[in-house]
Structure formats: structure tokens, C-alpha cells
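Each chain gets a letter, A, B and so on, in the order its sequence line appears, and its residues count up from 1. Values in this document were obtained by computation on a predicted structure and should not be read as measured data.
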Amino acid sequence: MGRSNALEVPRIRLLALGNDLLADDRVGLEIGRAARQRFPELDVVLTEEAGFALLDYVVGVDHLIVVDAIQTGRAEPGHLWILGADDLANVRAVMPHGAGLKEVLELAQGLQLEAPARVTLLGIEAADCTTIGATISEAVLEAVPRALQAIEELIRNGVRSSEPADR
Amino acid sequence: MAEQAKAGRIRIDPITRLEGHGRIEIFLNESGEVDRAYFQVPELRGFEKFVQGRPAEEMPQITSRICGVCPTAHHMAATKALDELYRVAPPAAARKIRELAYVTFMVEDHALHFYFLGGPDFIVGPQAPRGERNVLGVIGRVGEATARHVIAMRRKLRELLALVGGKPAHPVLGLPGGVAKPLSRDEQARFQEVASEAIDFAQFTLGLFRKLVLENSEYVELIRSEAFTHRTYYMGLVDEANRLNFYDGWLRVVGPDGTEYARFPAQQYLDYIAEHVEPFTYMKFCYLKPLGWRGFLEGKESGVYAVAPLARLNVSDRLATPRAQEAFEEYFSTLGRPVHHTLANHWARLIEMLYAAERMKELADDPEIVSDEVRKIPDAIPEEGIGVVEAPRGTLIHHYRSDSSGIIQSANLIVATQNNAARISMSIDRAARSLIRGRDVPEGLLNMVEMAFRAYDPCLGCATHSLPGSMPLWIQVRDPKGTVLASLRRNGDGAIERA
């Protein structure tokens, strides 16, 4: 994974987290799959992993966009939260797979492992992330186009994607 | 310090509907003293219903996807359950490849736990300022070179797992009666090389533990303190000579005095393990069935038992590899036997890591491991299968019944944290009793609780795979009727809120 090129075009990666087996928890993966279709040039990584396993996926880019289900209890299911890295510590909520993302990013920074300079979190308010095999709620699924719109805005200004992550 | 909560005030915050927190419920008795404290974790629902009607051979994939943190353990327990469901014994090479993959996973998981999950408690220290009790604090103490070494080791171990099993999150190694492919000689050489590095790394880490923890009398006192001690039963897998084994063997149970209470194949687990339900929590508490449920009590009469590293060393007469055996002897000669100190789990975990690394080398060196004969095709009519492994966090049992064409009719899982649930609650209870007077909830309780449960390393369901510092921890004090009297909550950033 190389450095930014001379034009300082930021490398962007969309890291889609979630679990296809767990009701609304699949929304991050749905967005990741849709983003692959819509933005073929974008580096998109989909994973059901959590914790330190995410380390490999957060390094080597300038701007990391993380998309995951989130439960704050402060908005209706399907609400799209757009947060920065500083919000990560203050999120009074459960981001099922992103829990621990803060430490993973700190670890990457602490060891100078090419941590992203910019992190954007797209959290989709979920209703149920613990029922195995349940279908995703309508309201949550409806957030997918809104999330794609947000991703488009984030990458709009002629930026190139990073090389694909090693997986 | 403690702040008096407003008497009788009940606050229903929208957040109370949410799961995914380490949540502690403390019930007071009529005289305002702690009656019972529970630790609650979110529970995944619907597993049994979801798998009914699916082909049994999907189970190693489905179950490994439920948990984003230790997919390899579920994959292996499920694969072993399928061996039995189809009544087929894998060839020797297949068995060895599975165990090789499994111990590789154990080295990785134990290393990450020690450095980055347990690290804030022991490497940085329980008295260190909150702002340093995190991953960066750990790097500061062990040095950047060591931290980089941990990351490099982890990467190599994961690459090995990918060689034999595909993506770590979706292992495709195990099949009923064997494994998907043989181990090539090149792959064997790579395992041998990394195994040798892993042994050095494990020894280095034990050395670090000695220096940082054992040479500090305050730490040793803390480990030995009554606050973190419970005299219970212990359970874990052992081989034919009662030596620790992560992949296979007999479940052995020792009593609070360290003598054998039971030794049985996993197939008999229902004769020995039962689950207790309490009215105020959906958690199920495993206990030893022949002894019965007598409450959250220590001692020989109580059926409460523990699993995971502390328990596994207590049930082992010795370890099967030389360097780990030395470390095992040092451990028991320092702490006595059996060890009842919850915080000793951290030390025990490192001894297990050394054993796993040595076992990895033994298996990788075994000429039979590159045999082409890695699968026995099942031809029996499937019916029922039970598989067991020692997950990093303790004994994991998968139990399936199918119809004659291999379609799942019922499934039951006993996961590590369920085995430990009663003892975890006892640790929470102990901390609560020592610190809570009426509605006062001192902040020190949060630290004690965190230290205790981090040693157990409970798996908190899919929704709470948080690392230190980010896990919201929430304590509620209730009167005997269940009314909330006070609540104390620490958010991901360490900010404390009271209600």
C-alpha cells in the first residue's frame, strides 16, 4: 500500500461492518455491497469481523469511511448518523462491530502503521441486532440510498480510491 | 467519590432499552444492604429456530459467523459435532491439521488478550490514571518495538490460518470426517518456522509478565487478595494423561480442594451441566447438575464452577510440552494449588500460550501431518452429534440432532461465558458488597468490576466486542421490588454519568 501520489489525492476506503445473520446488523454490509455496484472505483472492504481483526482494514488510506449499524436509542430506526473520529469516544451507543474501533485506530497511530488521517463513521440506527436469522427492518433498509448519497458526497471531489485491502 | 443519589428517584432514560452494555444490576434488601448483584450481557436470540431445517454441514459456517471474535472455536466445535453426527472418525493427518490450526488460533488470541485487552490492568497497572489505561498506555510501557512484534506475530499467525482454512472470519477447514485439503510441505515449513518464533515470543511474554507483575509485590498481593478469590469447581478438557488439550479429550472437573470430581466425555455433558435461571435476568447460569443449584455460593457443596485458563490449569495434572510444563510448575509453586484467584487468569493465559506454541511446533514437525489422507467420506445415517473444544474463553460445546438426511432438527450450544456466568456474577457481587453502602455507588466499583470481568474475558455476545475504554459499563441499584434507586454509567470516553 503506497503513499498518496504527488497530487495529494486522498486514498479512500469504505469499511463496511456488520453481520448478515443478525437482523438489522446486516445494514452495513448491504451498504458496502451497494457501494461496490455504484462506485466501482472505490476500495470497499466488507467484513463480519470485530475488534483487533479490523486492524488490517483501517491502515494504508488517508480517509477511512466506516459504515455499521448503531444503537443510540435517540433516533428512529433507519436514521443516518454521520460522525467523525472524535465522536467515536463520545458515542453513547453500541456500534456492534465498530466497538473497539477507537482502540484499533489508536494502535495504528501508536505504531505508525499508516493510520488514516481522516475517519468518517456512517452509523445507521438499528432496532434489532441480536436476533439470529431475523430479517432486516424496512426502515433500516431504507437508509441504504441515503448512506450511498452520503458516501458519494464524501468522495465526490475527484478522489481516487486506495489499492484494495489485503484480503 | 461517592455521591448520594436522590432518594427513590426513578429515571427511565431511553438508553435503558438498549442492550450491548456490560450491565450490572444490584438488588438491595429491606435494610438497604446488597442482596445480590448480577452481570448481564446481551444474548443472541433465535439460534435454534434459525438452524432448524438447515443441512447439518452448514453448521461450521453458520456458527463461526455468529461470533466475529472467535470464529475458529465455533468452526471447530461444529466440525467435531458433525464427525459424530455422521459417525465418522477423521484420519490422523486431518485430526492433526485441525489441532494445528486450532493451537495457532489460540496463540494469536491469547497474545492479543494479554497485550491489548488485559494489558491496561496489568501492564499499565490498576493504579495508573484512567487516561493511560488503554492501548497507547500499553505501548508506552512495553515499548514500541514489542508492540510491533505483537502485531507482526499476529499477522503471521493469521496468514497461517488463512493458508489452511481460508479467511479467518469464514473458516472452511473442517468437514465431517476430515479437512478440506492436505497440508503441503511448503505450508508445513511455514508453520514450523512461525511456531519456533511463537515459542520465543511466548517465552519473552512470560518474561515480561514476571518482570512487570511478579516482581511487583503490590500486583501479587492484588492477585492473591480475597476481593478476587472464589473457591469453586473448575472444568476443562484434558488428554488421556490428564494434560491440558484445547482440541480434544475428556472434560475433567476438580473441586475447590483440587481433587478430581468428575471426568467424562463431552457426550455426557447433559448429565453434568445444567442451567439455572434467575427471575431478574435472562442470563442462564451453568452449574454442576449432580450437586444441584444452591445459589451463588463457593465451596464443595455448591455446583458453581469456572472454565477458561485458570480452570484449565487447575484440571491439568501437567502440561504436555517441556517449556510450558516449567512455567506451570512455577505458577503453582507461587500461588498454591488449585489457584482460586480470578486475576491469575492472566498468568495462566500466558502459560497456555506457550503450550499452544510448543504444541504448534510438535504438530508441524510431525511427518504424518503432510499425508494426503485427510478425509473419510461419511456413509452412516446421521442422527446426533456433540462436539467440544476449549475456546480461548473456556469450554465450548455444540450439540446437534438431525433427521436421517442430515437436516438439523435441534441444536444447543453451551458457550464459555455461560459456564463462567455464575462465578462472574459472584465476583461482581463481591465487589458490590465491599463498596456499596445503601444507594452510594462509588466510582471505584467500576474499576473493580472491570478488572474482574476482564480476567474472565467474557464473550459479551455479538454486540459488545468492545475493548477496554470503549465499553460502556452501567450499574443500577434496585430495591427488593426492582425499582431503580441509583445508577452509575461510564461511557466509551470514560465520562461518568449518574442518575
Hey, which of B:Val51, B:Ile151, B:Leu112, B:Val138 has the most heavy atom pairs under 4.5 Å with chain A?
B:Ile151
Is it true that the side chains of A:Arg11 and A:His63 contain a donor and an acceptor less than 3.5 Å apart?
no
Do B:Phe114 and B:His346 have their ring centres less than 6.0 Å from each other?
no
By the definition side chain to side chain contact (heavy atoms under 4.5 Å, CB included), identify the one residue from A:Asp68, A:Ile31, A:Ile70 that meets it with A:Ile124.
A:Ile31
Counting only non-hydrogen atoms closer than 4.5 Å, does B:Ile62 touch chain A with its backbone (N, CA, C, O), its side chain (CB onward), both, or neither?
both
Within 45° cone and under 6.0 Å: B:Arg54 NZ/CZ vs B:Phe50 ring
yes
Proximal component of A:Asp20, with respect to chain B [non-hydrogen, under 4.5 Å]:
both
